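Below is one structure, written out as C-alpha cells, with a few remarks after it.
Just so it is clear, the structure is predicted and the values come from calculations on it, not from any experiment. Each chain gets a letter, A, B and so on, in the order the sequences are listed, and its residues count up from 1.
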Amino acid sequence: AAGVIQSPRHLIKEKRETATLKCYPIPRHDTVYWYQQGPGQDPQFLISFYEKMQSDKGSIPDRFSAQQFSDYHSELNMSSLELGDSALYFCASSARGSLDGYTFGSGTRLTVV
Amino acid sequence: AQTVTQSQPEMSVQEAETVTLSCTYDTSESNYYLFWYKQPPSRQMILVIRQEAYKQQNATENRFSVNFQKAAKSFSLKISDSQLGDTAMYFCAYNSGGSNYKLTFGKGTLLTVNP
C-alpha cells in the first residue's frame, strides 16, 4: 500500500539558510499535518491543511511557512535557519471522515550547522 | 488545553513477559480519541492502538491492549509476550475530534525488552 512520502530524508543546512521539506500524502487523503520532533522530545504540532486551506496552526515560528498544493502535496518552507531548528520533521496525512486515523511519513531529519 | 502525561521515562521487561505503560490525560471534552504510537530506532511513527472515548470496551490489537478508565482519565498500554522488536519509544497521544485534528503527545516512555 502507498504510504506518506517525505523528501528529502536527510538535510544539512547552515545557519541563516533556507530549507524546503516536501510531503506527498496517501492518495485520496485530503488533510496534511506537520510535526517537529527535537532530539529526545515528543512531536510538536506545527500546522495542518485541509483541501489546500490551512485548517489549524500550532507552535510554528514566523520564519516557517507551509502550503498544500492542488495535487494535495505539501511543502514546509523554513527560512533564517537556527541551530534550534535541528529536528526530525514528520508529515502525516488522513482522509476527513475516515476512521483510519493518521499515517505518518518516515520524516525528514534536518541538521542546522 | 489538553495535556498528556507519561510518568515513566524508561522501562524494561524480559522477553516473553508482560509490561504496562502508563498514561494520564487532562481534557474537558466529552468525546475524544486516544492513541499509542511506537517509535523504534528507525524513528518511524507507528500506530499501535487507538481508543474512542465513547466506547467503553477496551481496544485490543493482538498482543497489545489498553485499560481505558474515562473517569480517572487514564489510558495504559499492556504488552503481552514481549518481543525484542517491541523495544522502542512509546508515545501516548490525544486527539479531540477524530482523525482530522492535531495530536497532543506525551513525553514518551522508552521500553527496552531484554533477552
Using a 6.0 Å cut-off, check whether atom [atom1] of [X] has over 12 heavy atoms from anything other than its own residue.
| X | atom1 | value |
| --- | --- | --- |
| K22(A) | NZ | no |
| K57(A) | NZ | no |
| K73(B) | NZ | yes |
| D62(A) | CG | no |
| I12(A) | CD1 | no |

Treating Ile, Leu, Val, Met, Phe, Trp and Tyr as nodes and any side-chain heavy-atom pair under 4.5 angstrom as an edge, say whether Y33(A) and L47(B) lie in one connected cluster.
yes

Minimal non-hydrogen separation, F91(B) against Q41(A), with atom names
CZ-O, 4.0 Å

Y37(B) ring center near Y102(A) ring center (under 6.0 Å)
no

In terms of heavy-atom proximity below 4.5 Å to chain B, should Y35(A) be classed as side chain, backbone, both, or neither?
side chain

Heavy atoms only, distances under 4.5 angstrom: which of G107(A), G58(A), G105(A) has the most pairs with chain B? Name it, please.
G105(A)

What is the distance from atom CZ of R43(B) to atom CG of L88(A), rounded to the nearest 0.5 Å?
5.5 Å

K102(B) side, atom NZ; Q44(A) side, atom CD - distance, nearest 0.5 Å:
10.0 Å

Below 4.5 Å from any heavy atom of chain A, which atoms of F105(B) appear? Answer side chain, backbone, both or neither.
both

For the pair F104(A) and Q39(B), evaluate side chain to side chain contact (heavy atoms under 4.5 Å, CB included) and give the outcome as yes or no after the intermediate values.
CA-CA 11 Å; F104(A) 280 87; Q39(B) 189 175 40; over 6 Å; no

